[in-house]
2 protein chains.
Amino acid sequence: MSRLDRSLIAGLPVFQGMTPADLDRVLQQARSLRIAKDQTVFEQEGDAHSFFLLLDGHVRVVKTTPDGQQVIVRYISPGELMGIAHALGRTTYPASAVAAVDCVVLAWPGNLWPDLAGSFPSFATGTYKTVGTRLQEAQARVVELATEQVEQRVAHALLRLVKQTGRKTEEGILIDFPISRQDIAEMTGTTLHTVSRLLTAWEEKGLVKSGRQKVTVVEPHRLFALAEGRADKG
Amino acid sequence: MSRLDRSLIAGLPVFQGMTPADLDRVLQQARSLRIAKDQTVFEQEGDAHSFFLLLDGHVRVVKTTPDGQQVIVRYISPGELMGIAHALGRTTYPASAVAAVDCVVLAWPGNLWPDLAGSFPSFATGTYKTVGTRLQEAQARVVELATEQVEQRVAHALLRLVKQTGRKTEEGILIDFPISRQDIAEMTGTTLHTVSRLLTAWEEKGLVKSGRQKVTVVEPHRLFALAEGRADKG
DNA sequence: GCTGCGGTTTGCGCTGGATCAAAGTGTCCC
DNA sequence: GGGACACTTTGATCCAGCGCAAACCGCAGC
């Protein structure tokens, strides 16, 4: 296996405050993996053998209900940790992770966690901060689902994606990986039909442009107004 | 202030593995507070000055939307931590906590967290385990809200309460604090009207008994079947 | 006991979105 | 170039659950 260069991870929030030597030691324990599009990184209910850092690509974290319905919990962007069940004392993954595009990830054996967290307190703190953010996000989504109408929820979901993975183009801000109506529906608890109708309505109003597995937000501020429930003139 | 006895907290999951001397040292840093019914323990967005352990009573954790709608995030039972924003590197509380009945809590200054976590690793681990559980719960609720009908969601909510705070009576399992239709509605993203209709329907089928701010689950297994979406005969 | 208040029940009409169905369209692959 | 497949659009229908309104009830305080 080729040696991993510390420049891969230096500068990431989770590794802040670590010396180059520390980074090398951490990297020595990791394996680098290539995950093809639509392959799973880890499986819901599966034994939590590893935890991961996404280096490149985009990963969908999905929960499946007993009757087969899927809900997209979040998207992971490069530089983020995933599968960190071990850090929270769990032994199975609570969800599945599927590559939305071809990905590169680093994987550490899960049982290494206590060791790493002990040796590198700033790594531990960084991880817990991530967890805190995700807990808060999850609770925010509970509030959203409990109080908002579908239109607002879809608007919020798009804005979140724009913020997380938006890439500026001349048309507006493009969500930087293939995403279908179905995916958006699974993020917001609605159906692909309703999402499709919303997007065409928004497109007519000039808020977004969208195509096959592709969404570009043209006027984020107006979409935001919509998400907040403020009526949109035009 | 009266000295706090370690028997108050010995045996709680979060303090597992600590010596009596350790417990005393931790307790020395805490203040004990009495919170009257409907008083708030901490406020959403407020500066996270402390973290808390509920000794006695029941606390409602509530998020309020900009337009004033409330969502009940969870109920805290005796022995549980709350307001642990500090442990996750946050500086404000993401929600409010309101006493559902008269309560007794222990409060530690928030800035003591790194100190305590450093000195008592098992306390830190215990806390993170709690956080892990809550994250998972929150995600489970996202899935619930995204995929289930109101009837199933309300059934799930009641079952969760029963498990958490149920007290056996001759009629069935009573939820051990005053809870209104409105409260249940705010836990499940519906209206008190719908909750009321559901409860009367269930009462007719003999699944539950309920009254003013009071719910008793008579047949948990049948309610569970309902929550899972399996039709109920009779 | 009566009165007031907060909580609960119930009826009714309406509508946001789900469901079902079918036809369009972009893209990859042979 | 021509399928074929996956994704998307659009129409038509239906109903779960919301909003509104009004009555009802249990409990605390006077």
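Every chain is numbered from 1, with letters handed out A, B, ... down the list of sequences.
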Item to check | Aromatic ring pairing A/Trp108/A/Phe51, orientation class (parallel under 30°, perpendicular over 60°, tilted between) | outcome: parallel

The reported gap from CD in B/Glu219 to CG in B/Leu223 (rounded to nearest 0.5 angstrom) is 10.0 Å

Students should find that the end-to-end axis angle of the helix from C/dG1-D/dC30 to C/dC30-D/dG1, with five pairs defining each axis and rounding to 10 degrees, is 40°

Here the distance between atom C1' of D/dA16 and atom CD of B/Glu148, to the nearest Å, is 15 Å

Problem - Side-chain donor/acceptor contact of A/His193 with base of D/dT10 under 3.5 Å - result: yes

DNA chain D nearest-nucleotide lookup for A/Arg197 and B/Arg153: closer to the 5′ end is A/Arg197

note: A/Lys209, atom NZ; D/dT9, atom P; distance rounded to Å ~ 13 Å

A/Arg181 atom CZ is separated from D/dT10 atom C1', nearest whole Å, by 13 Å

| Is any side-chain nitrogen or oxygen of A/Ser196 closer than 4.0 Å to OP1 or OP2 of D/dT9? | yes

| message | Using only atom types and a distance under 3.5 Å, with no angle test, would you say the side chain of A/Thr64 pairs donor to acceptor with the backbone of A/Gly68? | response | no

Taken to the nearest whole Å, CD/A/Gln149 to C1'/D/dC18 is 10 Å

Sorted by number, residues from residues 61-71 of chain A placing a heavy atom under 4.0 Å from DNA chain C are none

Taking the side chain as everything from C-beta on, heavy atoms only, tell me whether A/Val208 gets closer than 4.5 Å to A/Thr216. no

DNA chain C nearest-nucleotide lookup for A/Thr194 and B/Glu203: closer to the 5′ end is B/Glu203

Outermost contacting nts on DNA chain C, any atom under 4.0 Å from chain B heavy atoms, listed 5' then 3', are C/dG6 to C/dC12

Ranking B/Thr200 and A/Val150 by the position along DNA chain C of their nearest nucleotide, the one closer to 5' is B/Thr200

Taking B/Arg181 for the side chain and B/Arg197 for the main chain, is one N or O donor matched with an acceptor at less than 3.5 Å? no

When rounded to whole Å, the NZ to C1' distance for the pair B/Lys37 and D/dA28 reads 12 Å

Separation of D/dC15 atom P from B/Glu151 atom CD, nearest Å, is 17 Å

Review point. In terms of the angle between their ring planes, are A/Phe177 and A/His58 parallel, tilted or perpendicular, with boundaries placed at 30° and 60°?
Key: tilted

Testing D/dG26, D/dT9, D/dT8 for proximity to the side chain of B/Arg212, the answer is D/dG26

Exercise for review: Please assess B/Thr194 against B/Thr191 for the test side chain to side chain donor-acceptor pair (under 3.5 Å), listing each intermediate value before the final yes or no.
Suggested key: CA-CA 5 Å; B/Thr194 299; B/Thr191 61; 3.2 Å; yes

Rounded to whole Å, the CD-P distance (A/Gln182 to D/dT9) equals 13 Å

B/Leu192 atom CG is separated from D/dG17 atom C1', nearest whole Å, by 13 Å

